[in-house]
2 protein chains.
Amino acid sequence: MREVMKKKDIEVKFRVFEDRCRQSGLKVTPQRVAVYKALIGTDLHPTAEEVHRMVKQDIHSISLDTVNRTLLTLAEIGAAFQVEGTGQRRRFDGDLENHQHFRCIKCGKIVDFHHKPFDNIDIPAQLHGQFQVMRKTVYLEGLCQTCSAVSSS
Amino acid sequence: MREVMKKKDIEVKFRVFEDRCRQSGLKVTPQRVAVYKALIGTDLHPTAEEVHRMVKQDIHSISLDTVNRTLLTLAEIGAAFQVEGTGQRRRFDGDLENHQHFRCIKCGKIVDFHHKPFDNIDIPAQLHGQFQVMRKTVYLEGLCQTCSAVSSS
DNA sequence: TGACAAATAAGAGCTAATCCTATTTAGTAG
DNA sequence: CTACTAAATAGGATTAGCTCTTATTTGTCA
Ligand SMILES: [Mn+2]
Ligand SMILES: [Mn+2]
Ligand SMILES: [Zn+2]
Ligand SMILES: [Zn+2]
């Protein structure tokens, strides 16, 4: 899904991110940047704890609370989002490109895929005026190849 | 969304439910029936705690653990399911008819709607063989009318 | 009716997330 | 560059939503 990112792309991402922070009146702290960097550097849709583990390598003293808070803040300002699903721990995604998710109900793995027709499904007319739709998601659940093989054996 | 249910329909539902239990080797206990009854009697997509509160009116001594366990069991045997979303508390749905959900990100309300074209979206070819898709969901998020009015004022 | 596996109640335990508060820091004005 | 202030953070305490454990009860079936 995610191609290797060029240095230029990363620079652009960071400029966009800092703009977003300033626009929202948020300080650009090392912690915030580190969390953002960790999140856009993976497609594993990590939990707060997993992000915390990653970020600790850069900022040894960063607290889990800060990571949690920052991830929610990123979602608020539109620099990331929470992955939909029925799981128990919140999982985050820093990939703002149009894409969809498949989640394995056994191992919990979340896999990106992109099916263009899913990008702009039209909201049924009956909802217009009733709701202000801000996010549309097509979401698949089932068994991944590994788990499927195990359970059928 | 949900029409008033006729007595006959309810009888049928219960017969189907008991069949499902027997088929899965599950006992038909008063607790199990009460939880099921509470769940199909609402379209509010309640949490375990909310179901517990409802069921307590019938079975005063029922424990929250039993409700939790039962709701998960119902989902396992296909008599109910967990609602998709990014919220923190699990929410359940006893309506097995094809339908979709809108969730208000402010007040957490989950509203049913039904848009036929969403019922059988086709799985992209790239996923065939890779995943065993067991559930396909179209899920909308945003602000409900009430919350939208409040935040724009 | 009796035997037994399954289910339950009650409470302990666990863990993700949130709250609290003293300290630090980014942004800014002088 | 320096001083100020509101925002952010670290670390520990707390909360909340489950999940587990165990003794007791109860459907189910022979
Ligand atoms: Mn993704
Ligand atoms: Mn529903
Ligand atoms: Zn899997
Ligand atoms: Zn609302």
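Below, chain A is the first sequence line, B the second, and so on; all start at residue 1. Values reported hereafter were calculated over all heavy atoms of this structure, with side chains retained and with hydrogens, waters and symmetry mates removed. Bear in mind that the values here come from a model prediction, so they are computed numbers and not experimental data.
Aromatic rings from Phe131(A) and Phe102(B) are positioned such that their centres are separated by under 6.0 Å. No close placement of the His99(A) and His115(A) rings is indicated, their centers lying 6.0 Å or farther apart.
In the set dG27(C), dA7(C), dA17(C), the nucleotide with an atom closest to the side chain of Asn68(A) is dA17(C). The side chain of Leu26(B) approaches dA7(C) more closely than any other nucleotide in the set dA17(C), dG27(C), dA7(C). Picking from dA16(C), dA7(C), dA9(C) the nucleotide with the shortest atom distance to the side chain of Glu49(A) gives dA16(C).
Rounding to whole angstrom units, CG of residue Leu64(A) and P of dA13(D) are separated by 16 Å. Rounded to a whole Å, the CD atom of Glu50(A) is 15 Å from the C1' atom of dA17(C). The NE2 atom of His60(A) sits 9 Å away from the P atom of dG11(D) (whole-angstrom rounding). Put simply, CG on Leu72(A) is 19 Å from P on dA7(D), counting in whole angstrom units. Taking atom CD of Gln82(B) as the reference point, atom P of dC18(D) lies 9 Å away to the nearest angstrom. If you take CD1 of Ile62(A) and P of dG11(D), they are 11 Å apart, rounded to a whole angstrom. For the pair Ile59(B) CD1 and dT8(C) P, the interatomic distance rounds to 9 Å; values are reported in whole Å. Computed from coordinates, the Arg22(B) CZ to dA6(C) C1' distance equals 16 Å when rounded to whole Å.
Residue Arg32(B) places at least one side-chain N or O under 4.0 Å from the OP1 or OP2 atom of dA7(C). Side-chain N/O atoms of Gln88(B) include none lying less than 4.0 angstrom from OP1 or OP2 on dC18(D). Under 4.0 angstrom from either OP1 or OP2 of dT19(D) there lies at least one side-chain N or O belonging to Arg90(B). Residue Ser63(A) places at least one side-chain N or O under 4.0 Å from the OP1 or OP2 atom of dA10(D). Applying the 4.0 Å criterion to OP1 and OP2 of dT8(C), one finds that Arg69(B) has a side-chain N or O inside that range.
Donor-acceptor pairing under 3.5 Å is lacking for the side chains of Thr73(A) and Thr70(A).
The aromatic rings of His101(B) and Phe81(B) are tilted relative to each other, their planes meeting at an angle between 30° and 60°.
Within 3.5 Å, a donor on the side chain of Asp65(A) pairs with an acceptor on the base of dC19(C), or the reverse.
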For nucleotides 22-26 of chain D, which of its nitrogen or oxygen atoms have a protein nitrogen or oxygen under 3.5 Å away, and what is each distance?
| unit_1 | atom_1 | unit_2 | atom_2 | d |
| --- | --- | --- | --- | --- |
| dT26(D) | O2 | Lys27(B) | NZ | 3.4 |

Show, in sequence, the C-alpha distance, side-chain angles and deciding distance for Glu50(A) and Arg91(A), and conclude whether the salt bridge (charged side-chain N to carboxylate O under 4.0 Å, His left out) test is met.
CA-CA 9 Å; Glu50(A) 286 163 345; Arg91(A) 296 178 66 167; 5.3 Å; no
Kindly determine whether Lys56(A) and Ile62(A) satisfy side chain to side chain contact (heavy atoms under 4.5 Å, CB included), including the steps that lead there.
CA-CA 6 Å; Lys56(A) 259 189 163 171; Ile62(A) 193 170; 4.1 Å; yes
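When the shell of 6.0 Å around NZ of Lys37(A) is examined, it contains 12 or fewer heavy atoms from other residues, nucleotides or ligands.
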